[in-house]
Amino acid sequence: MMTEILSHNARLSELAQFVGRDWKTAASYYDAAERDMDRRWDALIWPFIADCRFTVCLDLAAGHGRNTRKLLEQRGCERVYAVDINQENVDFCLQRFENEPRVTSMRNDGYTIGDVGAGSVTLLYSFDAMVHFDSDVVRSYLAQIARLLDPHDGRAFLHHSNYSGNPGGNVRDNPHWRNFMSAALMAHYGAKEGLTVVRQTTLDWARDRSSIDCLTLFRKS
């Protein structure tokens, strides 16, 4: 049994690193995304999460911290964990938020979340990253989310893929590097980990994308 667990974890690590290494040196992308962040927040993100509680947030796959910045701006925010698989991004956030005591920047292994207390997170947030994650990695994170969320009013906001073509294929062969996932599969995986969909919507960014993205808000069942 232990051998099987170790083998499974090694596979998850391999899948996570395969995607994560593309974002180690992506400064030009992060700079462009930062310039667009306020518009995305106002038009897309805020209407979806306005009724969430921002006391303790966790920004999963934080990159250079553009989402962390927006979370810090919200009323009642006391702490944000900025979590990323790449030490390069963790170091960037450490420098960016060095004078912000509410931010804890930390590296994770790409499929679990480390030293964060069970039931302590009021909003687990991931925008513009999980769309690339392998479905096995997503499932692993959902188990972590169920552990971390405040059982009373904790929420998880996840921006993920709604592309179900090319099953088992290479994510880089898919439109806009969207990995295999769907709105229905996300709800199904969440239910198996003890999470219930509060709301869910697919996104049609442009005609060529054909709603290949989705926003899902979970709570604990």
Side-chain angles (χ1 to χ4, degrees), residues 11-49 59-67 70 83-86 88-89 108 110-111 124-142 144-145 156-193 195 197-218:
R11 176 59 176 161
L12 287 175
S13 179
E14 179 184 350
L15 292 168
Q17 294 291 340
F18 178 77
V19 170
R21 68 173 64 101
D22 291 323
W23 308 102
K24 287 186 176 185
T25 55
S28 61
Y29 169 80
Y30 288 131
D31 289 346
E34 184 87 41
R35 292 191 293 270
D36 197 42
M37 188 65 219
D38 289 342
R39 183 177 68 87
R40 292 287 189 206
W41 181 275
D42 293 342
L44 182 67
I45 300 169
W46 177 251
F48 205 80
I49 64 172
D59 181 7
L60 180 60
H64 283 187
R66 68 189 187 279
N67 291 285
K70 297 303 296 184
V83 180
D84 201 276
I85 189 176
N86 294 316
E88 293 84 350
N89 291 338
N108 75 327
Y111 61 95
L124 193 143
Y125 174 109
S126 184
F127 181 75
D128 207 24
M130 193 173 280
V131 289
H132 308 299
F133 293 0
D134 185 271
S135 57
D136 287 350
V137 171
V138 172
R139 177 73 185 271
S140 178
Y141 273 132
L142 289 172
Q144 296 288 299
I145 289 167
F157 167 72
L158 307 177
H159 170 211
H160 58 90
S161 174
N162 188 48
Y163 177 73
S164 58
N166 193 24
N170 188 321
V171 62
R172 295 191 178 98
D173 295 331
N174 298 342
H176 304 279
W177 289 8
R178 265 42 181 180
N179 221 320
F180 182 88
M181 179 54 66
S182 69
L185 189 57
M186 177 63 83
H188 174 72
Y189 279 170
K192 286 186 171 292
E193 300 299 342
L195 299 168
V197 172
V198 176
R199 63 183 69 99
Q200 188 175 64
T201 186
T202 56
L203 301 176
D204 187 6
W205 297 98
R207 283 178 294 178
D208 67 319
R209 294 198 179 188
S210 304
S211 300
I212 60 170
D213 285 11
C214 184
L215 302 178
T216 298
L217 189 70
F218 281 117

Practice item. Carefully, step by step, assess Ile145 and Glu193 under the rule side chain to side chain contact (heavy atoms under 4.5 Å, CB included). Key: CA-CA 9 Å; Ile145 289 167; Glu193 300 299 342; over 6 Å; no

Exercise for review: Please assess Tyr111 against Phe133 for the test side chain to side chain contact (heavy atoms under 4.5 Å, CB included), listing each intermediate value before the final yes or no.
Suggested key: CA-CA 9 Å; Tyr111 61 95; Phe133 293 0; over 6 Å; no

Exercise for review: Identify the two heavy atoms, one from Gly165 and one from Phe180, that lie closest to each other, and give their separation to 0.1 Å.
Suggested key: O-CD1, 3.7 Å

Review point. Can the positive tip of Arg66 be found less than 6.0 Å from the middle of the six-membered ring of Phe127, inside 45° of the ring normal?
Key: no

Check your understanding: Which atom pair, heavy atoms only, marks the closest approach of Trp23 to His132?
Key -> CZ2-NE2, 3.6 Å

Check your understanding: Quick one: are Ile85 and Asn108 in side-chain contact, heavy atoms under 4.5 Å?
Key -> yes

Exercise for review: Indicate whether any N or O donor in one side chain lies under 3.5 Å from an N or O acceptor in the other, for Tyr29 and Asp22.
Suggested key: no

Revision key, fill the gap. Minimal heavy-atom distance between Ile45 and Tyr125, with the atoms involved, is CD1-OH, 3.4 Å

Review point. Between NE2 of His64 and CD of Glu88, what distance do you get to the nearest 0.5 Å?
Key: 8.5 Å

Check your understanding: Does the side chain of Thr216 reach to within under 4.5 Å of the side chain of Val197, using non-hydrogen atoms?
Key -> yes

Exercise for review: Grab the two heavy atoms, one from Ala61 and one from Asp84, that are nearest each other, plus how far apart they are.
Suggested key: C-OD2, 3.5 Å

Point to revise | Arg178 side chain vs His176 backbone, donor-acceptor pair below 3.5 Å | key: yes

Practice item. Give the intermediate values and the outcome of side chain to side chain contact (heavy atoms under 4.5 Å, CB included) for residues Leu12 and Asp136. Key: CA-CA 7 Å; Leu12 287 175; Asp136 287 350; 3.7 Å; yes

Exercise for review: Could you please spell out the steps behind the side chain to side chain contact (heavy atoms under 4.5 Å, CB included) verdict for Trp41 and Ile49?
Suggested key: CA-CA 10 Å; Trp41 181 275; Ile49 64 172; 3.8 Å; yes

Point to revise | Gap separating the CD atom of Gln200 from the OG1 atom of Thr202, nearest 0.5 angstrom | key: 8.5 Å

Practice item. Kindly compute the distance separating CG (Leu142) from OH (Tyr189), expressed to the nearest 0.5 Å. Key: 9.5 Å

Check your understanding: Less than 4.0 Å between a side-chain N and a carboxylate O, is that true for Arg39 and Asp36?
Key -> yes

Review point. Hey, are the side chains of Leu185 and His160 touching, using non-hydrogen atoms and a 4.5 Å cut-off?
Key: no

Practice item. Name all residues meeting the side-chain hydrogen bond (donor to acceptor under 3.5 Å, both in side chains) criterion together with Asp59; count only those two or more places apart in sequence or in a different chain, and write none if there are none. Key: Thr68

Review point. Quick check: does any side chain N or O of Asn162 sit under 3.5 Å from a backbone N or O of Ser211, one acting as donor and the other as acceptor?
Key: yes

**Study point:** Pairwise side-chain contact, Leu158 with Leu60, heavy-atom cut-off 4.5 Å (strictly under)
**Key:** no

Check your understanding: To the nearest 0.5 Å, what is the distance between OG (Ser182) and CD1 (Ile212)?
Key -> 13.5 Å

Exercise for review: Would you give the length of the straight line joining atom CG of Asn67 to atom NE2 of His159, rounded to the nearest 0.5 angstrom?
Suggested key: 10.5 Å

Point to revise | Main-chain N/O of Asn179 paired with Ser161 side-chain donor or acceptor, under 3.5 Å | key: yes

Check your understanding: Can you find a pair of side-chain heavy atoms, one from Lys70 and one from Trp46, that are under 4.5 Å apart?
Key -> no

Exercise for review: Check whether any side-chain heavy atom of Phe157 sits under 4.5 Å from a side-chain heavy atom of Leu215, and report yes or no.
Suggested key: yes

Check your understanding: Can you find a heavy atom in the side chain of Asn86 that is under 4.5 Å from one in the side chain of Arg21?
Key -> no

Study note, to complete from the structure: To the nearest 0.5 Å, atom OH of Tyr30 lies from atom CG of Asn89 at 4.0 Å

